[in-house]
Amino acid sequence: KFFPTFLAVFKNKTYMKLAAVYTMNLTALTFVQTIIVYYFKYIYHDEDMTTIALLLLLGVAMICVPISVLVAKKLGKKRTYQLALLILSVSCLLMFLFAHTIGMTFTLCVMVFAGVGIGFGYVPPFAMLPDVVEVDAVQSKARKDGAFYGMWTFFSKIGVALAGALTGLFLDLADFVPNVAEQTDATILTIRLLIGVVPAVIFLAGIVLIRNYGLDEKTYNEIVKSAE
């Protein structure tokens, strides 16, 4: 039953939509995470500030994780996830449009704002996934938890690997030369695109894709109660 089980996972449109958005989220974040050190090193010429920026980003994210749970109770899991993706998208566009000219202080403020997006985006997918798994078990009369969670991990690893590989490819195409202080205009533009426009477009695509996600809290409760 190995192949039929995994085939059933791929046929579950609700699951595939959620998994796709989560994978896109990780892909976009990996672009940012990979390229941020290049941004500080070759645009600000201050590589050491990368650590401060990441500490701000992750520190705010950690604070916002429990807050996101409260927000999700008011807005719902899907809306909270969309809000997180929107915050991250706006943050990336701010980096692309203004950070290279306004300066370091502005960038650190954007890191704080983006931290809110990361914190708000951490809980919803992991709260939505068990709902999908449970509804599938109710409707199909068979539990496929291992397949669902296994493919979830597989998809996420693909997204992370793809973003890392594409970052290196784009830098090569832009004639990036490691450890040379003054990079070409093409290289600088590529770095800005990889921390700005590219992840922003992916985040926005995630917002659109999950817009028609139908398994909200009300629907989930109705399906589960009907099986009791």
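- In this view, Asp216 satisfies the salt bridge (Lys or Arg N to Asp or Glu O under 4.0 Å) rule with no residue, not counting sequence neighbours.
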Give the table of side-chain donor-acceptor pairs shorter than 3.5 Å for residues 29-40, with sequence neighbours excluded, one pair per line with atom names and distance.
residue	atom	partner	partner atom	Å
Thr30	OG1	Leu26	O	2.7
Thr34	OG1	Thr30	O	2.7
Tyr39	OH	His100	N	3.0

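- A pairwise comparison of heavy atoms in Thr23 and Ser156 identifies OG1-N, 4.1 Å as the closest pair.
- Residues Thr184 and Thr187 bring a donor and an acceptor atom of their side chains to less than 3.5 Å of each other.
- Taken together through direct or relayed side-chain contacts under 4.5 Å among Ile, Leu, Val, Met, Phe, Trp and Tyr, Tyr149 and Val9 form part of one hydrophobic cluster.
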Donor-acceptor pairs under 3.5 angstrom involving side-chain atoms of residues 88-98: please list them, not counting sequence neighbours.
residue	atom	partner	partner atom	Å
Ser89	OG	Ala200	O	3.3
Ser91	OG	Ile87	O	2.8

Assess the residue pair Leu189 and Arg192 against the criterion (side chain to side chain contact (heavy atoms under 4.5 Å, CB included)); give the C-alpha distance rounded to whole Å, side-chain angles, the decisive distance to 0.1 Å, and a yes or no. CA-CA 5 Å; Leu189 177 59; Arg192 290 175 55 216; 3.9 Å; yes

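- A side-chain hydrogen bond (donor to acceptor under 3.5 Å, both in side chains) check over residues 43-60, counting only residues at least two apart or in different chains, returns the pairs Tyr44-Thr107.
- In terms of the side chain to side chain contact (heavy atoms under 4.5 Å, CB included) criterion, residue partners of Ala72 (sequence neighbours excluded) are, by chain and number, Thr80.
- Remark: aromatic rings of Phe120 and Tyr81 are distant, center separation not under 6.0 Å.
- For Val208, there are no side chain to side chain contact (heavy atoms under 4.5 Å, CB included) partners, not counting sequence neighbours.
- Applying the salt bridge (Lys or Arg N to Asp or Glu O under 4.0 Å) criterion to Lys17, with sequence neighbours excluded, gives no partner residue.
- Proximity of Gln82 to Leu75: side-chain heavy atoms (C-beta onward) are nowhere separated by under 4.5 Å.
- If you check the side chains of Asn179 and Lys41, you find a donor sitting under 3.5 Å from an acceptor.
- Crowding of Asp185 atom CG: a count of heavy atoms from other residues, nucleotides or ligands under 6.0 Å not exceeding 12.
- Cluster partners of Val69, by chain and number: Val65, Tyr122, Val123. The rule joins Ile, Leu, Val, Met, Phe, Trp and Tyr whenever side-chain heavy atoms lie under 4.5 Å apart.
- Of the candidates Phe155, Tyr213, Trp152, Trp152 is the only one forming a ring-ring contact (aromatic ring centres under 6.0 Å, His included) with Tyr22.
- Applying the ring-ring contact (aromatic ring centres under 6.0 Å, His included) test to every pair with at least one member in residues 188-207, sequence neighbours left out, gives no pairs at all.
- The heavy-atom pair separating Tyr42 from Val180 by the smallest distance is CE2-O, 3.3 Å.
- In terms of the salt bridge (Lys or Arg N to Asp or Glu O under 4.0 Å) criterion, residue partners of Arg143 (sequence neighbours excluded) are, by chain and number, Glu134, Asp145.
- Expressed to the nearest 0.5 Å, how far CZ of Phe148 lies from CG of Leu18 amounts to 11.0 Å.
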Side chains of residues 125-133: which donor-acceptor pairs under 3.5 Å do they make with residues two or more places apart or in other chains?
residue	atom	partner	partner atom	Å
Asp131	OD2	Lys77	NZ	2.7

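- Remark: the backbone N or O of Leu215 is not paired with any side-chain donor or acceptor of Thr219 at under 3.5 angstrom.
- In this structure, the separation between CD1 on Ile210 and CG on Leu85 is 7.0 Å, given to the nearest 0.5 Å.
- Judged as a side chain to side chain contact (heavy atoms under 4.5 Å, CB included), and not counting sequence neighbours, the contacts of Leu169 are Leu166, Leu173.
- In the hydrophobic cluster analysis, where Ile, Leu, Val, Met, Phe, Trp and Tyr join through side-chain heavy atoms closer than 4.5 angstrom, Met62 is grouped apart from Val110.
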